[in-house]
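As a basis for the values below, the full set of heavy atoms in this structure was taken, side chains included, without hydrogen atoms, waters or symmetry mates.
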Amino acid sequence: MTLESKNPVLDFSNVNLLRNDQPVLHDINLTASEHRIGIIGANGSGKSSFARLLNGLLTPTEGRAKVLGFDLADAVKDVRRNVGFVFQNPDNQIVYPIVSEDIELGLKGLNVPKDQRKAKVEEILARFGLLHLKDRSVHMLSGGEKQMIALSSVLVMQPQMIVFDEPTTLLDLRNRNAIASTIMALEQYVVLVTHDLELLSDFDRVLVFDEGRIAADDTPKAAISWYKKKMAV
């Protein structure tokens with residue numbers, strides 16, 4: 001996949017968001033085209049709500065938001081088709097009881113022929129050395145394996161961007177490192193919400209959310225330094 005876009009990857013103008021009639025995002029203005037963008041902030045700062053805007057799980061209450069050139073006001077289906085989302089807990093994402101069936105699910109929605117679906121499933125599992133899990137029950141998988149299956153079910157759809165919402169929080173160190181290496185090797189645009197600050201050291205840009213606003217926007221080193229000072233207060 002070649003990362004090319006005539007438009008900014010993210011283009012937000014005066015975006016506000018209410019959830020349950022409560023304001024969670026205020027005056028978000030952002031233009032970004034970087035390959036890997038990190039999102040950090042305290043719990044309740046609005047970072048996860050922002051992440052859910054990026055693939056249309058939420059839509060702005062006010063303002064304009066474009067992702068990959070698609071406007072969330074009238075092209076939510078295009079956004080969802082081109083932006084994959086990996087949740088913190090893979091159990092919230094995995095639907096079918098058998099690994100291959102779960103990865104195949106999205107391809108059915110695209111009306112991909114059955115033989116091609118099977119081939120694509122095997123291809124993505126082989127890519128991550130997981131082909132031996134093809135017929136395994138998802139309930140028998142480790143946390144790290146589940147997270148890789150959740151990611152595989154997104155990647156098989158060939159999105160242009162993948163949004164991760166704290167994907168390493170529930171993992172042990174070995175699986176955390178495996179997921180981190182996988183994320184860094186992805187060709188797709190990546191937006192990563194995390195409390196694991198070390199994950200962002202080689203990212204291109206980091207946004208710090210505070211009380212529903214982008215409080216800092218800089219290189220990983222500078223943004224993380226700002227955040228640490230903020231948290232020390």
Side-chain angles (χ1 to χ4, degrees), residues 34-52 54-55 84-95 97-100 102-103 123-156 159 161-210 216 218-232:
E34 287 81 6
H35 185 182
R36 297 185 185 91
I37 299 173
I39 308 290
I40 59 177
N43 290 336
S45 62
K47 59 186 185 298
S48 289
S49 292
F50 174 77
R52 281 160 172 73
L54 301 186
N55 82 325
F85 198 100
V86 178
F87 291 85
Q88 176 185 28
N89 187 344
D91 287 334
N92 294 333
Q93 186 167 345
I94 294 173
V95 177
I98 303 299
V99 167
S100 59
D102 191 78
I103 296 176
E123 179 182 351
I124 197 67
L125 287 172
R127 173 178 171 181
F128 296 117
L130 300 173
L131 192 55
H132 61 289
L133 300 179
K134 181 179 69 170
D135 299 317
R136 189 80 58 87
S137 166
V138 295
H139 303 297
M140 302 298 292
L141 303 181
S142 68
E145 287 171 337
K146 285 183 179 180
Q147 195 63 282
M148 289 303 300
I149 295 306
L151 175 55
S152 296
S153 69
V154 169
L155 284 173
V156 78
M161 175 187 288
I162 303 177
V163 180
F164 294 86
D165 191 5
E166 302 184 29
T168 62
T169 300
L170 302 179
L171 303 181
D172 60 25
L173 182 59
R174 176 182 296 174
N175 285 308
R176 175 266 184 204
N177 290 343
I179 291 292
S181 296
T182 300
I183 290 173
M184 291 306 298
L186 291 174
E187 296 177 338
Q188 285 86 354
Y189 293 104
V190 169
V191 178
L192 173 64
V193 177
T194 186
H195 288 294
D196 187 344
L197 303 182
E198 291 183 8
L199 279 177
L200 304 177
S201 61
D202 292 324
F203 271 50
D204 303 305
R205 183 174 178 179
V206 172
L207 311 178
V208 184
F209 276 74
D210 184 51
D218 214 318
T219 62
K221 183 177 180 180
I224 291 170
S225 177
W226 187 96
Y227 176 58
K228 287 181 175 179
K229 290 177 181 178
K230 173 72 175 179
M231 291 297 98

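Here the shortest heavy-atom pairing between Q93 and F87 reads OE1-N, 3.1 Å. Scanning all heavy atoms of the two residues, the minimum distance from V138 to K146 falls at O-CE, 3.2 Å. The minimum heavy-atom distance linking A42 with S45 is given by the pair O-OG, 2.7 Å. The shortest heavy-atom contact between S48 and V193 is OG-CG1, 4.3 Å. Taking each heavy atom of G84 and V154 in turn, the nearest pair found is CA-CG1, 3.5 Å. Residue R205 comes nearest to E34 through the heavy atom pair NH1-OE1, 3.1 Å, listed as atom of the first residue, atom of the second, then distance.
With respect to R36 and D202, no salt bridge is recorded, no charged nitrogen being found less than 4.0 Å from a carboxylate O.
Ring-plane geometry between F50 and F209 is classed as tilted, the angle between the planes lying from 30 to 60 degrees on a 0 to 90 degree scale.
Side-chain contact between L125 and L133 is absent, with no heavy atoms from C-beta onward closer than 4.5 Å. A heavy-atom distance below 4.5 Å is found between the side chains of F203 and L192. Using a 4.5 Å heavy-atom cutoff, the side chains of L170 and Q147 are not in contact. Residues V99 and L141 form a side-chain contact, since some pair of their non-hydrogen atoms from C-beta on lies under 4.5 Å apart. Inter-residue side-chain proximity for I183 and I162 is flagged as unmet; no heavy-atom pair is nearer than 4.5 Å. Residues Y227 and V206 form no side-chain contact, since every pair of their non-hydrogen atoms from C-beta on lies 4.5 Å or further apart.
One distance of note links OG1 of T194 with CD1 of I40; it measures 9.0 Å at 0.5 Å rounding. Atom CG of N89 is separated from atom CD1 of I94 by 9.0 Å, given to the nearest 0.5 angstrom. The structure places CZ of R174 at 14.0 Å from CD1 of I179, a figure rounded to the nearest 0.5 Å. Distance NE2/H139 to CG/D91: 8.5 Å, rounded to 0.5 Å. Remark: I37 CD1 to M161 CE distance equals 6.5 Å, nearest 0.5 Å. Atoms OG and CG, on S181 and L186 in that order, are 11.0 Å from each other to the nearest 0.5 Å.
Here N175 pairs with L171, D172 under the side chain to side chain contact (heavy atoms under 4.5 Å, CB included) rule; sequence neighbours left out. For N177, the side chain to side chain contact (heavy atoms under 4.5 Å, CB included) criterion is met by L173, not counting sequence neighbours. In this structure, the side chain to side chain contact (heavy atoms under 4.5 Å, CB included) partners of S100, at least two apart in sequence or on a different chain, are I98, V121, K134, D135.
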- [ ] Give the C-alpha distance, both sets of side-chain angles, the deciding distance and a yes or no for side chain to side chain contact (heavy atoms under 4.5 Å, CB included) between H195 and N43.
- [x] CA-CA 9 Å; H195 288 294; N43 290 336; 3.0 Å; yes
TODO: Please assess D165 against R52 for the test side chain to side chain contact (heavy atoms under 4.5 Å, CB included), listing each intermediate value before the final yes or no.
DONE: CA-CA 9 Å; D165 191 5; R52 281 160 172 73; 2.6 Å; yes
Open item on the list: Does L199 form a side chain to side chain contact (heavy atoms under 4.5 Å, CB included) with M184? I'd like the steps, not just the answer.
Closed with: CA-CA 9 Å; L199 279 177; M184 291 306 298; over 6 Å; no
Open item on the list: Could you go through L151 and F164, starting from their C-alpha distance and side-chain angles, then the distance that decides it, and tell me whether this counts as side chain to side chain contact (heavy atoms under 4.5 Å, CB included)?
Closed with: CA-CA 9 Å; L151 175 55; F164 294 86; 3.8 Å; yes
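Without hydrogens or angle criteria, T182 side chain to A178 main chain gives a donor-acceptor distance under 3.5 Å.
Each of D196, T168, T169 was checked for a side-chain hydrogen bond (donor to acceptor under 3.5 Å, both in side chains) with R176, and the lone residue meeting it is D196.
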